[in-house]
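Accompanying notes for the structure given below.
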Amino acid sequence: MSDLPEFSPEFRARLRDALREARYDADGVVDALGGAAHAALGRGEPEPAYRASRDAGALGTLIRLFLLGSTESEKAVADALPLDGSLETGLIRRTQDGIRAALDLRPHGDEDSSWWVLSDLDSDVLGGPVSEDHVLGVGHASLSLIRATSRRPVGSLLDLGTGNGVQALHASRHAGRITATDVSERALALAKATFELNEVEVELARGEWFAPVARRRFDQIVCNPPFVVGPPRVDYVYRDSGLGGDDASALVVRQLPSFLTEGGVGQLLASWLHVEGEDWADRVHRWLPAGTDAWFVQRDVADPGLYVGTWLRDAGLDPRSPEGRAKAGAWLDWFAENRVEGIGFGFVTLRRTGGTPTVVCEDLRQAFDDPLGAEAAGWLDRVDWLREHHAELLDTRFTVPDSVVLERVDTTTDEGWQTAVRRLHRTDGPGWQHEVDELATALLAGCRGALPLEDLLELLAFAHDQPVEALTEAALPVVRELIRHGMLQPVTGTGAGR
């Protein structure tokens with residue numbers, strides 16, 4: 001790996017001006033390529049982007065140089081970038097045929113902001129495996145954590161294991177003060193260059209896990225840890241912790257709450273083992289310290305063989321090569337010895353609380369479009385409401401939001417159509433679904449904000465000739481779960497009044 005990059009203030013200013021003049025930003029790249037070519041590039045099909053960039057001037061040069069990994073003429077690069085400074089800092093390099101990128105510099109943005117992110121070139125551009133201290137670009141995991149992070153304003157935020165710094169960039173829109181840490185000197189150097197290029201102020205500190213911020217507390221912590229599970233080794237710093245199994249995820253979950261302010265929130269990606277004879281929810285529950293609200297959302301469970309092959313290819317290793325087969329063999333042997341049947345992956349939301357904590361572990365494997373960050377913040381609000389009103393639930397009036405619909409699946413019988421499945425479906429957020437029976441369907445139909453829950457249950461018990469006590473005992477857990485999922489809402493201002 002080359003020397004650590006260091007961008008002087010003068011070079012940063014010239015580079016920033018050049019990138020802006022060329023419109024090398026998130027919107028500019030899409031406009032130059034067009035939707036179809038840009039989508040093809042995202043699928044790993046570069047030819048449409050090559051063709052679309054031919055007549056795009058300096059912007060086309062930057063697209064081919066940094067996004068497509070092509071070799072460009074020195075004159076074309078000099079027209080698009082401060083050439084001498086870019087060579088001196090190691091942003092680009094000379095070859096026999098022209099100029100190539102030495103670092104990955106690409107636009108990244110959302111609906112409100114656009115930044116440039118520096119990282120190392122991936123294995124496809126390098127044409128082989130990456131180095132141990134490789135700094136990953138903005139990948140699918142980073143993007144998923146960005147979407148799963150609450151953006152409510154906070155005074156202080158810690159980006160633990162910042163990598164290329166993209167989580168901190170997004171945090172700059174809602175956090176007053178940002179601290180970013182990493183164990184990798186190279187990652188911190190690239191993150192520093194990224195922050196300075198984008199004129200974002202971030203405190204940087206180097207060290208393992210929470211050591212750089214000992215005895216400090218933050219209003220929010222985000223973390224994309226080295227969560228790859230398997231034998232205790234470090235092939236690549238960005239993904240391997242040196243801890244065995246899922247101990248890296250466990251370490252972060254155990255320690256993170258003690259670095260939060262009261263009511264502070266932590267959000268991270270994590271992996272957990274599915275071990276023969278053990279419930280994954282019991283496993284992650286044991287990681288939690290006292291006084292912590294926790295929401296574990298499992299997005300996927302991978303077969304061990306598929307998992308190993310995916311991560312070998314991610315690092316540029318051919319699973320069919322001798323090195324690839326040797327690493328895969330050792331990895332799969334470890335899984336077998338530890339009775340690992342699958343590897344779960346998902347999001348974890350933690351909150352330091354002074355009340356009785358709520359811990360929920362659930363699957364969310366369906367596709368959905370809305371960012372999960374807003375849902376996580378709403379989930380914490382609803383958990384607060386349930387904690388504060390647990391004794392008043394029966395005295396509360398509820399409504400079903402307009403975003404919740406009831407789906408029925410009917411089957412034919414000798415007497416005609418008969419409902420086999422009743423399913424509540426929330427059409428926004430993560431699209432929660434709940435199968436409900438006939439009594440629950442009737443109860444929810446009565447939740448129009450006019451009568452408290454207790455009266456509705458009494459009417460329902462009378463109409464269906466059911467004991468009201470037994471019906472109430474069965475209904476309350478369902479009601480609580482629907483409230484947590486935003487599918488049943490208390491009428492504002494009614495409290496416990498009748």
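For the numbers below, each heavy atom of this structure counts, side chains included, while hydrogens, waters and symmetry mates do not. Since the structure is predicted, the reported quantities are computational estimates derived from the model, not experimental observations.
A heavy-atom distance below 4.5 Å is found between the side chains of Leu460 and Leu471. Between Gln167 and Ser142 there is a side-chain heavy-atom pair separated by less than 4.5 Å. When side chains are defined from C-beta on, Phe462 does not count as touching Leu459, because their heavy atoms never get closer than 4.5 Å. Trp115 is listed as a side-chain neighbour of Asp110, based on a closest heavy-atom distance under 4.5 Å. Counting only heavy atoms from C-beta outward, the side chains of Ile343 and Pro304 approach each other to under 4.5 Å. By the 4.5 Å heavy-atom criterion applied to side chains, Thr353 and Thr358 are not counted as neighbours.
Aromatic ring pairs are classed by plane angle as parallel below 30°, tilted from 30° to 60° and perpendicular above 60°; the pair Phe345 and Phe227 is tilted.
A salt bridge (Lys or Arg N to Asp or Glu O under 4.0 Å) with Asp293 holds for exactly one of Arg382, Arg352, Arg387; it is Arg387.
The local environment of CZ in Arg215 is sparse, with at most 12 non-hydrogen atoms from other residues, nucleotides or ligands closer than 6.0 Å.
A distance-only check finds a donor-acceptor pair linking the side chain of Asn164 to the backbone of Leu136 [under 3.5 Å].
Pairs of residues two or more places apart, or lying in two chains, never qualify as ring pair (Phe, Tyr, Trp, His ring centres under 6.0 Å) while including a residue from residues 350-374.
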Go through Arg152 and Asp381 one step at a time and tell me if the salt bridge (charged side-chain N to carboxylate O under 4.0 Å, His left out) criterion holds.
CA-CA 12 Å; Arg152 291 180 176 176; Asp381 289 344; 2.6 Å; yes
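Nearest approach of Ser114 to Asp25, heavy atoms of both residues: OG-CB, 3.5 Å.
Under the 3.5 Å distance criterion, with hydrogens and angles disregarded, a donor-acceptor pair is assigned to the side chains of Asp219 and Thr261. Side-chain atoms of Ser249 and Asp246 include no donor-acceptor pair closer than 3.5 Å. Between the side chains of Glu375 and Trp295, no donor N or O sits under 3.5 Å from an acceptor N or O. For the residue pair His464 / Glu438, no side-chain donor-acceptor distance below 3.5 Å is found, with atom types taken as modelled.
With Trp331 as the aromatic partner, Arg233 meets the cation-pi criteria of under 6.0 angstrom to the ring centre and within 45 degrees of the ring axis.
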Can you give me every donor-acceptor pair (side chain of residues 408-416, partner residue at least two apart or in another chain, under 3.5 Å) with its distance?
from   : atom 1 : to     : atom 2 : distance (Å)
Asp410 : OD1    : Thr419 : OG1    : 2.9
Thr413 : OG1    : Glu415 : N      : 3.2
Thr413 : OG1    : Gly416 : N      : 3.4
Thr413 : OG1    : Gly416 : O      : 2.7

